[in-house]
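Single-structure report; data block below.
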Amino acid sequence: MTDAEILTARDQVELINGLLVTKRTKKPAHSVAARAVAEALAGLIPDGYFVTREDPIRVGGASQPEPDPAVVRGRSRDYAQRHPDAAQVALVVEVAESSLNLDRSEKLRAYAAGGIPVYWIVNLVDGRLEVYENPESGTYKNARILDPSETVAVVIDGRELGADPVADLLP
């Protein structure tokens, strides 16, 4: 629909499980958290990976979400002709306030079904970080909720690269 110019940049939607979902307006706290996470990840990832912000990724044939930050294998220019697909994505992050239910349900299932190994939800409603790992059969086998006093290990392709205080990822 984008190629046919049915949808334009003005249409604030993303494709989730075959449905066009309206993207919610971002409040300042959302923007602060998304930047904080992107900066924290960029400071830890090794060569051969890069951090995106709100760029589409292809997850199966029916989803093309635009996660807040994501860690992608390769270099940005490797994707000049196509968006990365789930096999090239090591970690996705959604910053959630009004989208919390969607991020915990439809997006979680889409990311897990695509085999994305690590999914974080920066939960602005409760002031916590939700960490989902080990996708299997459309869900994640491991889920942890971390409060602001804890740290989160940044794991990329099975390697722990460092840790960040959860409080630093919240606004």
Side-chain angles (χ1 to χ4, degrees), residues 2 7-17 19-45 49-59 63-77 79-80 83-84 86 88-112 114 116-133 140 143-156 161-171:
T2 302
L7 294 176
T8 68
R10 293 180 53 163
D11 296 300
Q12 296 295 306
V13 296
E14 57 188 334
L15 182 64
I16 308 294
N17 296 323
L19 299 172
L20 289 176
V21 177
T22 303
K23 292 171 66 174
R24 309 256 166 60
T25 301
K26 294 173 182 66
K27 295 180 181 176
H30 180 282
S31 297
V32 168
R35 284 192 301 269
V37 172
E39 290 169 8
L41 292 172
L44 291 173
I45 63 168
Y49 297 84
F50 67 100
V51 176
T52 66
R53 280 221 39 229
E54 299 180 10
D55 292 336
I57 59 174
R58 295 178 307 156
V59 182
S63 294
Q64 193 165 299
E66 298 177 11
D68 291 304
V71 176
V72 179
R73 291 175 196 89
R75 298 174 304 130
S76 179
R77 292 182 188 275
Y79 301 98
H83 296 302
Q88 282 92 40
V89 178
L91 180 147
V92 293
V93 182
E94 295 289 353
V95 176
E97 191 168 16
S98 61
S99 65
L100 185 58
N101 289 335
L102 176 68
D103 294 334
R104 283 180 171 160
S105 59
E106 297 300 318
K107 283 192 178 180
L108 183 141
R109 285 190 290 274
Y111 292 141
I116 293 175
V118 181
Y119 173 38
W120 292 359
I121 298 175
V122 179
N123 177 339
L124 299 181
V125 175
D126 300 312
R128 301 185 217 169
L129 178 68
E130 300 177 19
V131 178
Y132 300 91
E133 299 171 306
Y140 285 92
R144 293 177 291 132
I145 297 176
L146 304 175
D147 67 38
S149 66
E150 298 180 83
T151 60
V152 61
V154 178
V155 178
I156 302 297
L161 303 175
D164 283 310
V166 170
D168 290 355
L169 307 178
L170 296 167

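- Heavy atoms only, all atoms of each residue included: Tyr140 and Pro117 are closest at CE2-O, 3.9 Å.
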Scan the side chains in residues 29-41 for donor-acceptor partners under 3.5 Å anywhere in the protein, sequence neighbours excluded, and list what turns up.
| from | atom 1 | to | atom 2 | distance (Å) |
| --- | --- | --- | --- | --- |
| His30 | NE2 | Asp68 | OD1 | 3.4 |
| His30 | NE2 | Asp68 | OD2 | 3.4 |
| His30 | NE2 | Val95 | O | 3.2 |

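- Looking at heavy atoms from C-beta onward, Tyr111 lies out of side-chain contact with Val89 at the 4.5 angstrom threshold.
- Between Asn123 and Arg104 the shortest side-chain heavy-atom distance falls below 4.5 Å.
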Side chain to side chain contact (heavy atoms under 4.5 Å, CB included) evaluation trace for Asp164 with Leu44: CA-CA 9 Å; Asp164 283 310; Leu44 291 173; 3.5 Å; yes
List the atom pairs, with distances to 0.1 Å, where a side-chain N or O of residues 143-154 and a protein N or O form a donor-acceptor pair under 3.5 Å, not counting sequence neighbours.
| from | atom 1 | to | atom 2 | distance (Å) |
| --- | --- | --- | --- | --- |
| Asp147 | OD1 | Ser149 | N | 2.9 |
| Asp147 | OD1 | Ser149 | OG | 2.5 |
| Glu150 | OE2 | Asp147 | N | 2.9 |

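- Pairing each heavy atom of Lys27 with each of Glu97, the nearest pair is CD-OE1, 3.7 Å.
- Considering all non-hydrogen atoms of both residues, Tyr119 and Asp103 come closest at OH-O, 2.7 Å.
- In this structure, Arg58 contributes its side chain and His83 its backbone to a donor-acceptor pair below 3.5 Å.
- Side chains of Tyr79 and Val72 form a contact here, defined as non-hydrogen atoms less than 4.5 Å apart.
- With rounding to the nearest 0.5 angstrom, the OH atom of Tyr49 is 11.5 Å from the CD atom of Gln88.
- Within the 4.5 Å cutoff, the side chain of Ile116 has no heavy atoms near those of the Tyr132 side chain.
- Across all their heavy atoms, Ala96 and Ile121 have their closest contact at CB-CG2, 3.8 Å.
- Atom CG of Asp55 and atom CD of Gln64 lie 10.5 Å apart (nearest 0.5 Å).
- Heavy atoms only, all atoms of each residue included: Leu170 and Gly127 are closest at CD1-O, 3.5 Å.
- Here the CD1-CZ distance, from Ile45 to Arg73, works out to 11.5 Å after rounding to the nearest 0.5 Å.
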